[in-house]
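What follows is a single structure, written as structure tokens, with notes after it.
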Amino acid sequence: IATTEVFTPEAGLTLTKSVPGGRIAPADQFTVSAQSSTGTTVATVTTTGTVTSATSSAGAIQEGQTYTITDAMAAGSTSALTAYNSGIACTDTTTNTPVTPTGTGPWMLAIPSNDNYGCTVTNTPAPAPFSCGFATSGKGNFLNTLCWVDMTGYNETEARSVNGQAVTVALPGGYTASFTIHTTTVS
């Protein structure tokens with residue numbers, strides 16, 4: 001009597017963290033993790049140093065299950081995660097087919113088949129929420145060009161960092177003004 005065993009390979013999930021726009025503060029590091037519905041971490045990766053990308057080893061996942069992918073600032077980071085725009089792109093790497101997670105962070109990734117999957121979580125510095133309001137009208141060519149800057153987006157920790165706080169102000173007519181705030185202590 002002959003018996004046949006069917007071997008089903010284990011599916012895997014690989015996470016990549018990408019910081020293509022650089023860091024707001026040099027100490028900023030990121031941790032991306034994937035957890036099962038029972039809370040077991042199946043894959044995790046943390047950036048280090050000045051490297052702008054890091055990839056986890058493949059974690060075992062199961063068809064028909066949903067995994068939660070989280071993005072967080074690692075211990076010792078200066079900035080809050082809200083200082084960055086976050087996005088995710090996932091692919092069934094076995095078939096090279098895009099897979100769309102749900103949510104806006106954390107994200108939920110449903111595993112429809114016993115394939116390998118890869119997700120890249122990207123963070124780019126978010127423009128600070130600054131605006132320009134007109135305090136005084138200019139004259140001639142400078143009409144409506146004198147304005148005050150609403151500093152509600154000011155972050156002292158970022159402004160005191162080596163790189164300072166990058167600021168982009170939307171101006172009327174579709175223009176922008178960009179500058180960096182560097183805060184230092186004067187003795």
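The residues of the chain are indexed from 1 along the displayed sequence. Note that the coordinates shown come from a computational prediction; the quantities given were computed from them, not determined experimentally.
Contact between Thr95 and Thr97 at its shortest, heavy atoms only, is OG1-OG1, 2.8 Å. Annotation for Ser37 and Gln65: closest pair OG-OE1, 4.0 Å, computed over non-hydrogen atoms. Closest heavy-atom contact between Gly76 and Ala27: O-CB, 3.6 Å. Here the closest heavy-atom approach between residue Pro106 and residue Thr68 is recorded as CB-CG2, 3.8 Å. The two residues Glu158 and Ala83 come nearest to each other via the heavy atoms OE2-CB, 3.6 Å. In terms of heavy-atom proximity, Ala159 sits nearest to Tyr154 at CB-CE1, 3.5 Å.
Asp28 contributes a side-chain N or O that, together with a main-chain N or O of Thr78, makes up a donor-acceptor pair within less than 3.5 Å. Under the 3.5 Å distance criterion, the side-chain polar atoms of Asn114 are left unmatched by any main-chain donor or acceptor of Glu63. Judged purely by atom type and a 3.5 angstrom limit, Thr93 uses its side chain to pair as donor or acceptor with the backbone of Asn116.
In summary, the side chains of Thr55 and Thr16 do present a donor paired with an acceptor at a separation below 3.5 Å, with no hydrogens or angles considered. Of the N and O atoms on the side chains of Asp115 and Ser113, at least one donor lies less than 3.5 Å from an acceptor on the other residue. Between the side chains of Gln29 and Thr47, a donor-acceptor pair is found at a separation under 3.5 Å. Between the side chains of Arg23 and Thr50, no donor-acceptor pair of N or O atoms lies under 3.5 Å.
Taking 4.5 Å as the limit, some side-chain heavy atom of Asn96 sits within range of a side-chain heavy atom of Thr91.
Taking CD from Glu156 and CD from Gln165, the interatomic distance works out to 10.5 Å, rounded to the nearest 0.5 Å. Rounding to the nearest 0.5 Å gives a distance of 8.5 Å between OG of Ser161 and CG of Asn155. Between the OG1 atom of Thr31 and the CE atom of Met73 there is a distance of 9.0 Å, given to the nearest 0.5 Å. Atom OG of Ser86 is separated from atom CG of Leu81 by 4.5 Å, given to the nearest 0.5 angstrom.
Residues passing the side-chain contact (heavy atoms from CB on, under 4.5 Å) test with Thr122, sequence neighbours excluded: Ser18, Pro20, Thr120, Thr124. Residues passing the side-chain contact (heavy atoms from CB on, under 4.5 Å) test with Thr38, sequence neighbours excluded: Ser36, Thr40.
Cluster partners of Val121, using a side-chain heavy-atom cutoff of under 4.5 Å among ILVMFWY residues and allowing indirect links, are Leu13, Leu15, Val32, Val42, Val45, Ile61, Tyr67, Ile69, Ile88, Val99, Trp107, Leu109, Ile111, Tyr117.
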